[in-house]
Each structure stands twice: as C-alpha cells, then as structure tokens.
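Fair warning: this is a prediction, and the values are worked out from it, not measured in the lab. Letters A, B, ... mirror the listed sequences (proteins, then strands); counts begin at 1.
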Amino acid sequence: MSKGITNRADDYSQWYNDIVKKADLAEHSPVRGCMIIKPYGYSIWEKMQQQLDKMFKETGHTNAYFPLFVPKSFLSKEAAHVEGFAKECAVVTHYRLKNNEDGTGVIVDPDAKLEEELIIRPTSETVIWSTYKNWIQSYRDLPLLINQWANVVRWEMRTRLFLRTAEFLWQEGHTAHASKQEAVEETIQMLKIYAQFAEEHMAMPVIQGKKSESEKFPGAIDTYCIEALMQDGKALQAGTSHFLGQNFAKAFDVKFADNEGKLEYVWGTSWGVSTRLMGALIMAHSDDNGLVLPPKLAPIQVVIVPIYRTDEQKAAIEEKANEIVKLLRSKGLSVQFDKRDTHKPGWKFAEYELKGVPARIAIGPNDMENGTVEIARRDTGEKTTISMDEVGNYLPQLMDEIQDSIFKKAHGFRKDNLTSVDTWDQFKEVLDSKGGFILAHWDGTAETEDKIKEETKATIRCIPLDAVEEEGKCVYSGKPSNQRVIFARAY
RNA sequence: CGGGGUGUAGCGCAGCCCGGUAGCGCACCUGGUUUGGGACCAGGGGGCCGUAGGUUCGAAUCCUGCCACCCCGACCA
C-alpha cells in the first residue's frame, strides 16, 4: 500500500514532498521557487478562503483590491519596512520586449526603461497607506476595515512547496483606527479569528502569542502570531497579526480630524495568512499512507466506490449509490460517486486514501443482498458495516467525529511535545532528543535570543498570551525573568 | 549565495567508470479474462538522454558554462 510515499520516520522532508505531489496538491513551475497549485490543492485553499472570508465579513471587514506594482519610492518611506524587505524584492525595470534582430526570439527593449522602477509587492502596506491618505480625513471615516486576497512575491533563497515559495497567495487585512486601543483590539481580534480557524476548521491546535522584537514584522510595533507544531517537532508560524501603531500613518502622512477638530495620525493594523496554511495542514495530520484532511476543509468529504461483477449488479448499485448521494447532499455533505469502470475498487481505495478523503462508502453485491454498506474512515483506517437506512444519520455524525478526533490527536501530540525546562543543559537535551515547543525563562534581551539561536538554531516562537507570571531565571544568562516564552526550531 | 547530490518516455529508474543501433518497471493505447485493498495475458505507441558549447570519424557516456530540483548551511515577518 501507499505506493511511492516515503515514510515519515525515514525522511520527513521527502515524505512531505511526496504527499504534495502524490495527492495532486501542487507541482513546481518552470520558474524557480514558484509553484503550480493543482485543482485538488486549490480546492482545499478555496475552502480555507471561503471560511476565512466569512469570518472577516462577520467582523465588519470588506474586500478590495490594490495593485501588484509598487513604486520603488514607496518602499523607502518606512525605514524598518525597507530594511525588512529590500533583500527579497522582484523589480520591474522595463515595459516592453522586442524581436531580437538575429531572429533568436525576444529581448528586453533597452529603449523601454521605466522612469521609476516598480517593485512587485512583497506585501501591500505601502500602496494601501498611500491610498488611505486620500480616503481618511475625519474620525467619521474611521475605522477603515479592509481585506484583500492577493498574490505577493518574495524572492526567497530556499523554497519549499506551500511552506515558502517565491510567489504565494494570501489575504492581507489593513485597518485604520482613531485610537490606539481600538487598533490593538483589532489586532487581537484577528489573531483570535486565525486561532479559531486553525483549531476549528484545520483541526490544528495553535499557541497564540507575541513575537519578540527581532522576530516581528518590519514596521510593526507588535506582531502577534499563531504557532503550530508539526509532526517532526518543528514549529510553523501559521498566521500573523500586527499592531502598526502610527508608523505607516506617519510615513504616508495619514491624519484625521478628531471630534474636536484636532489633527491626529491614525492607528493601523495588518494581518495575514497564506498558502503556507496548506503546508501546515499537510504536516499536522497526514500519515504514511497520504493526506489526512479534516472534514471541514475536504473538497470531497465522502466518496462512494461501487464493487460489482455483472452489469446487473452495476446498475443496481448505481441506483442505490445515487440515492445515497442525493441523501447526503441534502444533509450538506460533499459527496462523490466514483462510478468509473476504468479503475478497480482497490485502486480507488488507495487513491482516495492518498488524497485524504475523510470517509469512504463501499457498496458491493454482498451489501446489496444484506441492505448494508461498508464505511471506512481515513483518519483511523477503521471499517464498519452499517445498514443502508443509517447512512443519512451516520455520515454527518462521522464527519463531526473525525473533525474532533484529528484535532484531539494533534492536540495530544502537542501536549506531549511541549516541555518546560529550567536549565541550559535540559534545554539543549530536549531540543535535540524530541524537539517540539520548549517553555523556558528568557531575560528579554535580543543578545540572549541571538546566542541561543546561534548555538541551537532554536528561536523564540512567541511570548504566549496566556502565560502565567512566574519568577525565574533566564535559561541561558541566569538573569531574572518573570515569564516563560516558547522556543523551537522552526520552518 | 556556499557545500554535497540529481537531471535519460507522463512517473520511478538502469545505462555513463571503459564513447559505437537508448533500455527496464509503472502509466498509456488495442483485444480478451477480471473487479470486497493499487488485477492478469497478448500485442502496440511514445525520447532533441535538462540546456548551450567543446573534444572526437562518432557523445546519454569525456570536458566547460548555464538552468532546474533535492539535502545541509547562510538568508527569511
């Protein structure tokens, strides 16, 4: 079984690559670091988008679209921002091609050089804030709550499908507020939405926290994040929400008149999740037989596979299967009846397993005789035979059960791999033996953080929001600390 | 961007050391038997051997450049 998928235990990276390819999620493009998201992979992304979009709208946000190109001068308006992105920007310098005179194809027309180069957005803060300047005059224009679904480009040195690609899809929310408090509340609200999405829809437990000074978004006052733990013990940042303070308002001169007529800079936030979530989803639940999808994000929740010898059997089973399809669809499930006679049942079983379809119904001659169907669930591999009459109630329940069960499994894994340590030896020992999240005291300095990173490759993933005050000593420097932070090796 | 590895049919690989008609498995097409966990038999189609140069009578094979992918580092919200 599980043809061609490397075992996780043998080579985790290869296992991940195998899943992405074999489950038909994505493939490499002709351009370095870019990916082609295949229909099945894109369907999963669409499910994520739909749910997130709904949650954004429910909290008062509306979608808009800002352009791909950013004038070069915009990037340099916010010092920290340019510092953070300059090294990975793609730049458009010309606007025309022409036929090469020697007939060997096209070349860039040297006469078509742009007056000002255009940067392909690595994120849209600058274009958006330059626009907000015109949209905001008074406190009556606030808050401005906008989201956009877009692609961005960051010229990464080392790429991996979904986890880090040169071009990726994401959503970026950009809001402007009249008060600091309101902006901070928005930042936290969106963090909570990401956490809720990750846990309830992706069935992936996350830790909510704040980034350290050196890990935060360039241009932000505070960066909040959700951090997830992958099966190999490495952490993955799954979403970020930034309190921008008045940094971009000042850089782009965005002021509003308050109710006393006084001019003030507005307060901003930005927040985003990307196709990286696909990578998180894969690494959170999948196994050596392929993808495992939570029912809430599975493009196909239930697949029906017929088993037959004769045309009579085939016809009878099809009729029954169509009834079941209709019944389950009426209950809101996404069902596919795979009646192709070009593939054998065993082949289909393996195929849907690889693609992570949560539940499979097999109907064969024996079932027809007994009035039963066989149900197999992807997450545990368990098979049960139930009466055909129960199908309509059983499957919706099973979907909830699977959703719950894979969350619990992932949660249990994280629990087992979250370790509190108090000494530097323990820190290194735990990191090398089992990895995972390490809770340790930190003196709050960037120097210590850097040293730890240098010596162990572990970084501070976040300062957890729910941390309890606790007197202790920094695991590295021994200086006093009043709170534990989360360390891990990360993607 | 540094170190190592790989690039040969849609996919996975052999052939390369030692230059001389491009092969195997899976997939694909045709026909038949099959169908409760990736079926079997017979026949068939498919290649600018990553790419550009060089050496040679002759290059998948030797040499050089480039490109891409993988692993490890550096880098990375």
Are [X] and [Y] close enough for a salt bridge, meaning some N to O gap below 4.0 Å?
{"X": "D432(A)", "Y": "R489(A)", "answer": "yes"}
{"X": "K211(A)", "Y": "E227(A)", "answer": "yes"}
{"X": "K339(A)", "Y": "E318(A)", "answer": "yes"}
{"X": "K348(A)", "Y": "E351(A)", "answer": "no"}
{"X": "K250(A)", "Y": "E78(A)", "answer": "no"}

Want to settle it: does E351(A) or K216(A) sit nearer the 5' end of RNA chain B, counting the closest nucleotide to each?
->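 The residue mapped nearer the 5' terminus is E351(A).
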
For RNA chain B, whose closest nucleotide is more 5', that of T342(A) or that of V373(A)?
->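 Mapping each residue to its closest nucleotide by heavy atoms, the 5'-most match is T342(A).
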
Partner nucleotide, any strand, of [N] [Watson-Crick/G-U, under 3.5 Å]:
{"N": "rG43(B)", "answer": "rC29(B)"}
{"N": "rC62(B)", "answer": "rG54(B)"}
{"N": "rU34(B)", "answer": "none"}
{"N": "rC49(B)", "answer": "none"}
{"N": "rC75(B)", "answer": "none"}
{"N": "rC16(B)", "answer": "none"}
{"N": "rG7(B)", "answer": "rC67(B)"}

For [N], does OP1 or OP2 lie under 4.0 Å from any side-chain N or O of [X]?
{"X": "N17(A)", "N": "rC69(B)", "result": "no"}
{"X": "R158(A)", "N": "rC72(B)", "result": "yes"}
{"X": "R32(A)", "N": "rA68(B)", "result": "yes"}
{"X": "K348(A)", "N": "rG37(B)", "result": "no"}

Would you kindly give the [atom1]-to-[atom2] distance between [X] and [N], to the nearest whole Å?
{"X": "I36(A)", "N": "rA68(B)", "atom1": "CD1", "atom2": "C1'", "result": "13 Å"}
{"X": "Y16(A)", "N": "rC69(B)", "atom1": "OH", "atom2": "P", "result": "15 Å"}
{"X": "I5(A)", "N": "rG12(B)", "atom1": "CD1", "atom2": "P", "result": "14 Å"}
{"X": "I363(A)", "N": "rG37(B)", "atom1": "CD1", "atom2": "P", "result": "16 Å"}
{"X": "Q14(A)", "N": "rU6(B)", "atom1": "CD", "atom2": "C1'", "result": "12 Å"}
{"X": "D311(A)", "N": "rU33(B)", "atom1": "CG", "atom2": "P", "result": "12 Å"}
{"X": "D288(A)", "N": "rG37(B)", "atom1": "CG", "atom2": "P", "result": "21 Å"}
{"X": "K457(A)", "N": "rC72(B)", "atom1": "NZ", "atom2": "C1'", "result": "9 Å"}

Just the table, please: protein N/O against nucleotides 39-45 of chain B N/O, every pair under 3.5 Å.
unit_1, atom_1, unit_2, atom_2, d
rA39(B), O4', K344(A), NZ, 3.4

Between [N] and [M], how far apart are the two [atom1] atoms, rounded to whole Å?
{"N": "rU64(B)", "M": "rA59(B)", "atom1": "C1'", "result": "15 Å"}
{"N": "rG19(B)", "M": "rU61(B)", "atom1": "P", "result": "12 Å"}
{"N": "rC17(B)", "M": "rG43(B)", "atom1": "P", "result": "34 Å"}
{"N": "rA9(B)", "M": "rG44(B)", "atom1": "C1'", "result": "15 Å"}
{"N": "rG3(B)", "M": "rC18(B)", "atom1": "P", "result": "26 Å"}
{"N": "rC57(B)", "M": "rU51(B)", "atom1": "C1'", "result": "25 Å"}
{"N": "rC11(B)", "M": "rU6(B)", "atom1": "C1'", "result": "16 Å"}
{"N": "rG4(B)", "M": "rC76(B)", "atom1": "C1'", "result": "22 Å"}

Could you tell me how the ring of [X] sits relative to the ring of [Y]: parallel (under 30°), tilted (30 to 60°) or perpendicular (over 60°)?
{"X": "W129(A)", "Y": "Y132(A)", "value": "perpendicular"}
{"X": "H201(A)", "Y": "F197(A)", "value": "parallel"}
{"X": "W267(A)", "Y": "F243(A)", "value": "parallel"}

Give [X] one of three labels, base, sugar-phosphate or nothing, depending on what nucleic acid heavy atoms sit under 4.0 Å from its own.
{"X": "G84(A)", "answer": "sugar-phosphate"}
{"X": "R360(A)", "answer": "base"}
{"X": "W155(A)", "answer": "nothing"}
{"X": "P122(A)", "answer": "base"}
{"X": "G33(A)", "answer": "sugar-phosphate"}
{"X": "K21(A)", "answer": "nothing"}
{"X": "D341(A)", "answer": "nothing"}

Is there side-chain contact between I460(A) and I486(A), with at least one heavy-atom pair below 4.5 Å?
->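 Of all side-chain heavy-atom pairs linking I486(A) with I460(A), none is under 4.5 Å.
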
Just compare [options] and give me whichever is closest to any side-chain atom of [X].
{"X": "S13(A)", "options": "rC72(B), rC69(B), rG38(B)", "result": "rC72(B)"}
{"X": "H28(A)", "options": "rC76(B), rC70(B), rC75(B)", "result": "rC70(B)"}
{"X": "M157(A)", "options": "rG36(B), rA74(B), rC76(B)", "result": "rA74(B)"}
{"X": "E353(A)", "options": "rC70(B), rG36(B), rG37(B)", "result": "rG37(B)"}

Classify the side chain of K383(A) versus the base of rG37(B) as yes if they form a donor-acceptor pair under 3.5 Å and no if they do not.
->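 In this structure, the two groups form a donor-acceptor pair.
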
Looking at F252(A), F217(A), F74(A), which one forms a side chain to side chain contact (heavy atoms under 4.5 Å, CB included) with E125(A)?
->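 The option that passes is F217(A).
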
Check step by step if ring pair (Phe, Tyr, Trp, His ring centres under 6.0 Å) holds for H174(A) and F248(A).
-> CA-CA 11 Å; H174(A) 296 272; F248(A) 284 90; 8.6 Å; no

